[in-house]
Amino acid sequence: MKSKMKETRIEIPTQTINFEQYDPRNLVNWGEYIEVGDEMKLLEMNIKEASIPYIIEGDKGTGKTLMVHTICRKNGYALLEYSCSNGTNKGDLIGRVQINENGSFFELGILPLAYEIANHFGFCVLYLDELNATEHEVMKLMNRPTDKRRSVFANGKLYKLNEGCKLAIVGTMNPLTYAGVNSLTEDLRSRFIGDIITYPTSKQLQTIISWEGIPEESVKNPLLQLAQETNALRVKGDIDYVLSPRDIDQFCEHYRILSKSKKFEEPQVLKYALKQVVLVKYAELEERELVKSRIVDIFGDRKSTRLNSSHIPLSRMPSSA
């Protein structure tokens, strides 16, 4: 007779979670999102219910991450963030076995960790930034936690919500025109509702940017025109990078820094701000030259900017700038 060996499963201990780092009281206030429509109201309503996953599609720098942070700070929600990429794998989402001086342990992936945080604090927002950067086969792993099953298996255990606890899942995605992004699989997209954040108008940009210390006629107005023209050029396929609200905010901040230094005259301040904040965003020489020509056209016809003065001609900026 063959002896029957009883199979035994060796339990791998799960790594201890430091819940303090997810405590909503420790959320850093790095700015307040300024609503330009009803996008934050709609997102906040969805997060509070935490019943249907929500996807936000929009260009980089339009404040998607800041909007989620603002809502979490306002309501005291625990926040778990994860930046997706084409390198995201099963270990990142579900978990993996690790080894240290004390032996083996199971490190929870972002999905089971979200359930543990939600059960600990009673409410958690799982924020998956650039969700469509992940490969399609990896997206499949998100199906179970984003549908009515609302759970995930990891290390031989089913992770799900305790009675009375909530987990809101919010994802963001860049437009498919961006390099290195994928479409969401149909099964994953069907599990989400959401919103599309369109490129802000000049009027909206005026309300969400701090223009303190920025000359209106010689700098602010032409900068707003340049931003809209980069968006138009991107739509036509002439350039890939469009100036975002984040870029414009950087420009204003850098312009103020250069102005306060007292080392440069106003035309030089404008020249260096355009060079170091705007042109540096364009890695492709052809795109950079195209944007440079638009800068000269937009700013150069305003005498107050003195852009065509002999000592700071923007048109002579080196292409490597």
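Just so it is clear, the values below take in all heavy atoms, side chains as well, and ignore hydrogens, waters and symmetry mates.
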Exercise: identify the closest heavy-atom pair between [X] and [Y]:
X      : Y      : value
Pro215 : Ser218 : CB-OG, 3.2 Å
Ile169 : Pro145 : CD1-O, 3.6 Å
Tyr241 : Tyr282 : O-OH, 3.0 Å
Ala227 : Leu205 : CB-CD1, 4.3 Å
Ile209 : Cys252 : CG2-SG, 3.9 Å
Met139 : Leu184 : SD-CA, 3.9 Å

Treating Ile, Leu, Val, Met, Phe, Trp and Tyr as nodes and any side-chain heavy-atom pair under 4.5 angstrom as an edge, say whether [X] and [Y] lie in one connected cluster.
X      : Y      : answer
Ile110 : Phe105 : no
Phe106 : Ile17  : yes
Leu93  : Phe153 : no
Val235 : Leu226 : no
Met45  : Ile196 : no

Between [Y] and [X], does any NZ, NE, NH1 or NH2 come within less than 4.0 Å of an OD or OE carboxylate oxygen?
X      : Y      : answer
Glu212 : Arg256 : no
Asp247 : Lys281 : yes
Asp129 : Lys64  : no
Lys74  : Glu44  : yes

[X] side chain vs [Y] backbone, donor-acceptor pair below 3.5 Å:
X      : Y      : value
Thr172 : Glu130 : yes
Thr88  : Cys84  : no
His136 : Ser183 : yes
Arg73  : Pro24  : no
Gln204 : Thr201 : yes

Considering only heavy atoms from C-beta outward, does the side chain of [X] approach that of [Y] to under 4.5 Å?
X      : Y      : answer
Asn100 : Gln15  : no
Lys41  : Glu35  : yes
Gln21  : Asn26  : no
Pro245 : Pro200 : yes
Leu290 : Ile239 : yes
Asp59  : Arg234 : yes
Lys90  : Val138 : no
Leu224 : Trp211 : yes

Atom pair [atom1] ([X]) and [atom2] ([Y]), whose distance is rounded to the nearest 0.5 Å:
X      : Y      : atom1 : atom2 : result
Gln228 : Gln225 : CD    : CD    : 9.5 Å
Glu107 : Asn155 : CD    : CG    : 12.0 Å
Glu32  : Thr70  : CD    : OG1   : 5.0 Å
Ile117 : Leu80  : CD1   : CG    : 4.5 Å
Leu167 : Asn162 : CG    : CG    : 12.0 Å
Ile214 : Glu253 : CD1   : CD    : 10.5 Å

Practice problem: Mind running side-chain contact (heavy atoms from CB on, under 4.5 Å) on Leu131 and Leu188 for me, showing each step along the way? | Solution: CA-CA 11 Å; Leu131 180 57; Leu188 185 59; 4.3 Å; yes
Quiz item: Please, which pairs that meet side-chain hydrogen bond (donor to acceptor under 3.5 Å, both in side chains) have at least one residue in residues 115-124, sequence neighbours excluded?
Solution: none
Exercise. Dump the intermediate steps for side-chain contact (heavy atoms from CB on, under 4.5 Å) on Leu126 and Leu111, then the final yes or no.
Key: CA-CA 8 Å; Leu126 172 59; Leu111 296 176; 3.9 Å; yes
Practice problem: Give me the other members of the hydrophobic cluster that Leu27 sits in, counting Ile, Leu, Val, Met, Phe, Trp and Tyr linked by side-chain heavy atoms under 4.5 Å, directly or via other members. | Solution: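 Its cluster mates, by chain and number, are Trp30, Tyr33, Met40, Leu42, Leu43, Ile47, Ile52, Tyr54, Ile56, Leu66, Met67, Val68, Ile71, Tyr77, Leu79, Phe123, Val125, Tyr127, Val170, Ile193, Ile197.
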Has [X] got more than 12 heavy atoms of other residues, nucleotides or ligands less than 6.0 Å from its [atom1]?
X      : atom1 : value
Lys160 : NZ    : no
Gln98  : CD    : yes
Gln206 : CD    : yes

Practice problem: Check Lys260, Glu266, Gln276 against Tyr255 for a side-chain hydrogen bond (donor to acceptor under 3.5 Å, both in side chains) and give me the one that passes. | Solution: Glu266
Practice problem: Could you walk me through whether Tyr272 and Phe264 pass the ring pair (Phe, Tyr, Trp, His ring centres under 6.0 Å) test, one step at a time? | Solution: CA-CA 10 Å; Tyr272 292 134; Phe264 308 107; 5.2 Å; yes
Practice problem: Compute whether any side-chain donor of one residue and acceptor of the other, for Tyr199 and Thr62, lie under 3.5 angstrom apart. | Solution: no
Quiz item: Can you find a side-chain donor-acceptor pair between Asn143 and Arg149 that sits under 3.5 Å?
Solution: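 The answer is no; no qualifying pair exists.
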Self-check item: Arg96 vs Asn89, side-chain contact (heavy atoms from CB on, under 4.5 Å): CA-CA, chis, key distance, verdict
Solution: CA-CA 10 Å; Arg96 54 173 62 89; Asn89 56 40; 3.1 Å; yes
Quiz prompt | Ile295 and Leu279: CA distance, side-chain angles, deciding distance, side-chain contact (heavy atoms from CB on, under 4.5 Å) verdict | solution = CA-CA 9 Å; Ile295 290 174; Leu279 289 180; 3.9 Å; yes
Quiz prompt | Any residue meeting side-chain contact (heavy atoms from CB on, under 4.5 Å) with Arg246, in chain and number order, not counting sequence neighbours | solution = Lys60, Ser244, Gln250
Practice problem: Decide whether a cation-pi geometry holds between Lys157 and Tyr159; the criteria are a distance under 6.0 Å from NZ or CZ to the six-membered ring centre and an angle within 45° of the ring axis. | Solution: yes
